[in-house]
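Here is the structure we will look at.
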Amino acid sequence: MRITTIKITPIAVPDVPLLNTKGVHGKVFLRAIIELETDTGLVGLGEAYGAKRTLAGLQAVGPTLEGLDPYDLRDLRRRVERALPEGGGVNAPTALADHKVVDVVYSAFEIACLDLRGKEVDRPLYDLLGGAVRKDIPFGGYLFFKYANLPDAVSDDIFGDVLTPDAMVAQAKALVGDHGYKSLKLKGGVLPPDEEVETMLKLREAFPDHGLRIDPMGAWTVPTAAKVVKQLDGVLEYLEDPVRGLDAMAELSAMIEMPLATNLVVVEFEHVVEAIQKDAVQIILSDHHYWRGATGAIHLGEMCRAAGLGVSMHSNSHLGISLAAMCHVAAATPNLTYDCDTHYPWYSKEIIKGGRVTFKDGKLRVPEGPGLGVELDQEVLAELHALYNEQMVVDRDDTDEMLKYVPDYVRKVPRW
Ligand code: GKR
Ligand code: MG
């Protein structure tokens, strides 16, 4: 089996004004949909970030994949590295984590290659990753403070403004009611720390048995984070990226008992070693979009097992191809110690045939078809590609978007 045709389609998906430490989501988020066709008539799918550096990287690498054997991931890596000298740079300079374009691009094609392999041998992707240890994948409800839509929004508004602890509890009740989540993660770093502490305490009151987490994405200094840890003693299952940088995480970690998790300071295998040496984190969030694909995410899980670290799963705005890949990775990661994150319920579009998938008791059944087990809906793909052309948004910049709501907004990380 050899790859003959490579199709990369940028799409824009209606987004909602979700707040974070850097600012707010724009009215669309960007993804790139990959279709790899083979001489045997199969099509392998992938869903990657769609902002300009990833897209340029995918487009630079795409044509060089003609003739690739999807079983030869080392050849894939060689081709990606050759087409992107010096790693292709940093994927998203406005993000708080530096992902290399080379890793993000490799990861996207790796998933499409695995999808092809699964289709050829007629086995679900999790079987190619070592087999499923679970078929029902547990996800947590992802809570966001948010603004109501601006008048030029292209998405339906959900919940309007959510800017107080009580409004957040109402959001959580709605999400748990609709999807049955058993754990909740708050995207913090938005309101002053005392208000976010109050939010977590109110969530604990409303959900006495749920696992609770907060992720302020580096918004706090070490003393502020230490104070929050005291206030939330016994409330959180873990605290995610409270402070910025590996050394600050290590400093905080040495002062507290509460486990620290990250998707910001450990984003490459080399970082894992340093994090272990410095005892900076106790949980790593895996993500096949930059941990060298699904096989890389499985290796990360194994490394965490050996080092005694916990594993959770990171999410960014995404659709169903990514969701399917997340499910396969989660199915084949024995030591997935926490419910996975997902932005999925915040969106209403879907590019896979059959439309939106539904959570039952907070869980999703891993697709059982060959490969990823999902098929692309070409009509919706065309619709979202048209939206991409119409919106002319080519990059993600949450800080820039924030100026539409707060004209004198200044990004500051840490802020408190
Ligand atoms: O969508 O605003 C967002 C999140 O803040 C996302 O960009 C982060 O990557 O979910 C993420 C996280 O856990 O840090
Ligand atoms: Mg995070």
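Just the heavy atoms: all of them, side chains too, but no hydrogens, waters or symmetry mates, feed the values below. Counting starts at 1 for both ligands and their atoms, in listed order.
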What are the two closest heavy atoms between [X] and [Y], and how far apart are they?
{"X": "Ser322", "Y": "Arg31", "value": "OG-NH2, 2.8 Å"}
{"X": "Ala225", "Y": "Val243", "value": "CB-CG1, 3.7 Å"}
{"X": "Lys349", "Y": "Arg356", "value": "O-NH1, 3.0 Å"}
{"X": "Gln171", "Y": "Tyr142", "value": "OE1-O, 4.4 Å"}

Partners of Ala95 by side chain to side chain contact (heavy atoms under 4.5 Å, CB included), sequence neighbours excluded? Ala92

Salt bridge flag under 4.0 Å for residues Arg396 and Asp398: yes

Check for me: within less than 2.8 Å of the Mg ion (ligand 2), which protein N/O/S atoms show up? Asp215 OD2, Glu240 OE2, Asn263 OD1

Pair Phe139-Tyr181, ring-ring contact (aromatic ring centres under 6.0 Å, His included): steps then yes or no: CA-CA 7 Å; Phe139 286 87; Tyr181 297 123; 8.0 Å; no

Centroid-to-centroid, Phe144 to His343, below 6.0 Å? yes

Sorted by first residue and then second, give each ring pair (Phe, Tyr, Trp, His ring centres under 6.0 Å) pair with at least one member in residues 156-176; sequence neighbours left out. Phe159-Trp346

Give the residues near ligand 1 by chain and number, with the criterion being a heavy-atom distance under 4.0 Å. Asn20, His25, Tyr142, Phe144, Lys185, Lys187, Asp215, Met217, Glu240, Asn263, His314, Ser315, Asn316, His343, Arg396

